[in-house]
Colleague: 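Next up is a structure, given as C-alpha cells.
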Amino acid sequence: MYIKKITVISAITVAIAATAIGGGHSPIEQRQAAMKAVGGQMRTLGGMAQGKVAYDDFAAISALEIMRDAAMTARPLFPSGTEMGFETRAKPEIWAEGSEFDAIMGQLIANLDAAIAAEPADLASYRPLFGAVAGTCKACHEKYRAPEN
Ligand code: HEC
C-alpha cells in the first residue's frame with residue numbers, strides 16, 4: 001500500500017516535471033527539452049573538469065542534481081511510437097529488440113547519483129566522477145542519436 005502510493009506520487013512528479021521542463025506537448029519535444037536541460041549543465045560541469053572554471057563543490061553538486069532530475073525526466077519520454085518524425089534525432093535502434101537504451105539512461109542516473117553522494121570536495125575527486133557521467137552521454141549518443149542535419 002505504502003509502496004504503491006510512493007510509485008503513484010513519483011509518477012505524478014515525473015509527469016509534472018516533464019510538463020514544466022517540456023513546455024511542448026509531444027514526448028519528442030518534451031524529451032528534447034529535458035535533454036537540453038541535461039546538456040545545459042555541461043558548461044559548468046565540463047568547464048570545471050577542464051580547469052576552465054574554478055572548482056566549486058557547491059556549484060558542481062547543484063549542477064549534478066539538476067542534471068539528474070533532467071535525466072530522470074527524459075527517461076520515460078521515449079515511448080514506442082515516437083521513433084518517427086523528422087524533427088527527432090532519436091534512432092530507431094532505441095526501440096529495437098535487445099536495445100540497451102534504457103540501461104544506459106539508468107547508468108547515467110546511477111553515475112549522477114554516485115557523484116552527488118560522493119560530495120566531491122576538490123577537483124581531483126570530482127574529475128573521475130564527472131568522467132563517468134560524460135562517458136555515458138557519449139556511449140548513448142554514439143549508438144542511439146543521429147547526427148545533426
Ligand atoms: C541513454 C541515452 C542518452 C544518454 C545517456 C544521454 N543522451 Fe542526450 N540525447 C539522447 C537522444 C536519443 C537524443 C535525441 C532526442 C530527440 O531528438 O528526440 C539526445 C539529445 C541530446 C541533446 C540535444 C537536445 C535538443 O534537441 O536540443 C543534448 C544537448 C544532449 N542530448 C546532451 C546530453 C548530455 C550532456 C548527456 C550526458 C550528461 C546525455 N545527453 C546523455 C540520448 C541520450
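Just so you know, ligand 1 is whichever comes first in the structure, and atom 1 is the first atom listed for that ligand.
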Colleague: In terms of hydrophobic clusters joined by side-chain contacts under 4.5 Å, are Ile104 and Val38 together?
Modeller: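 Looking at the clustering, Val38 is in the same group as Ile104.
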Colleague: What atoms of ligand 1 come closer than 4.0 angstrom to any heavy atom of Arg31?
Modeller: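 Matching atoms, with element in brackets: 16 (C), 18 (O).
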Colleague: Please report the shortest heavy-atom distance between Ile109 and Ala71, naming the atom on each side.
Modeller: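 Looks like CG1-CB, 3.9 Å.
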Colleague: Who passes side chain to side chain contact (heavy atoms under 4.5 Å, CB included) against Arg43, sequence neighbours left out?
Modeller: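 Partners of Arg43 by the side chain to side chain contact (heavy atoms under 4.5 Å, CB included) criterion come out as none, since no residue qualifies.
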Colleague: Looking only at N/O atoms, are Tyr144 and ligand 1 under 3.5 Å apart anywhere?
Modeller: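 No, there is no polar N/O contact under 3.5 Å.
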Colleague: Working note: Glu100 + Tyr144, criterion side chain to side chain contact (heavy atoms under 4.5 Å, CB included); need CA distance, chi angles, decisive distance, verdict.
Modeller: CA-CA 9 Å; Glu100 291 172 288; Tyr144 297 112; 3.6 Å; yes
Colleague: With sequence neighbours excluded, what pairs up with Ala114 under the side chain to side chain contact (heavy atoms under 4.5 Å, CB included) test?
Modeller: none
Colleague: Shortest non-hydrogen contact from Leu45 to Ala60?
Modeller: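 In terms of heavy atoms, the two residues are closest at CD2-O, 3.6 Å.
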Colleague: Main chain of Ala139, side chain of Glu142: is a donor-acceptor contact present, judged purely on distance under 3.5 Å?
Modeller: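 Judged by distance alone, no pair lies under 3.5 Å.
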Colleague: If I compare all heavy atoms of Gln32 with all of Thr88, which pair ends up nearest, and what's the gap?
Modeller: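 Looking at all heavy atoms of both residues, the shortest contact is NE2-CA, 3.7 Å.
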Colleague: Decide whether Arg31 and Thr82 meet the rule of one side-chain donor and one side-chain acceptor closer than 3.5 Å.
Modeller: yes
Colleague: What protein heavy atom is closest to atom 35 (C) of ligand 1, reported as residue, atom name and distance in Å?
Modeller: Met42 CG, 3.3 Å
Colleague: Met67 heavy atoms, cut-off 4.0 Å: which ligand 1 atoms fall inside?
Modeller: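 Ligand 1 atoms under the 4.0 Å threshold to Met67: 38 (C).
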Colleague: Closer than 4.0 Å to some heavy atom of Thr136 - which atoms of ligand 1 meet that?
Modeller: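 Listed by number with element, the hits are 5 (C).
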Colleague: Any side chain to side chain donor-acceptor pair (under 3.5 Å) pairs touching residues 51-67, not counting sequence neighbours?
Modeller: Gln50-Lys52
Colleague: In terms of residue, atom name and distance, what is the protein heavy atom nearest to atom 27 (O) of ligand 1?
Modeller: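 Atom 27 (O) of ligand 1 sits closest to the protein heavy atom Lys36 CE, 2.8 Å.
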Colleague: Between the side chain of Arg68 and the main-chain N/O of Leu112, is any donor-acceptor distance below 3.5 Å?
Modeller: no
Colleague: Which of the atoms of ligand 1 are close to Phe101, meaning less than 4.0 Å from one of its heavy atoms?
Modeller: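 Counting atoms of ligand 1 from 1, those under 4.0 Å from Phe101 are 1 (C), 2 (C).
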Colleague: Sort by chain and number the protein N/O/S atoms that are closer than 2.8 Å to atom 8 (Fe) of ligand 1, and list them.
Modeller: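 Only His141 NE2 fall inside 2.8 Å of atom 8 (Fe) of ligand 1.
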Colleague: Identify the closest protein heavy atom to atom 24 (C) of ligand 1: which residue and atom is it, and at what distance?
Modeller: Gln32 O, 3.6 Å
Colleague: For ligand 1, note which part of Thr88 has a heavy atom under 4.0 Å away: side chain, backbone, both or neither.
Modeller: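 Both backbone and side chain.
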Colleague: Can you tell which part of Gln41 has a heavy atom less than 4.0 Å from ligand 1: side chain, backbone, both or neither?
Modeller: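 Neither part.
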Colleague: Heavy-atom pairs closer than 4.0 Å: do any link ligand 1 to the side chain of Phe78, the backbone, both, or neither?
Modeller: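 For Phe78, only side-chain atoms sit under 4.0 Å from ligand 1.
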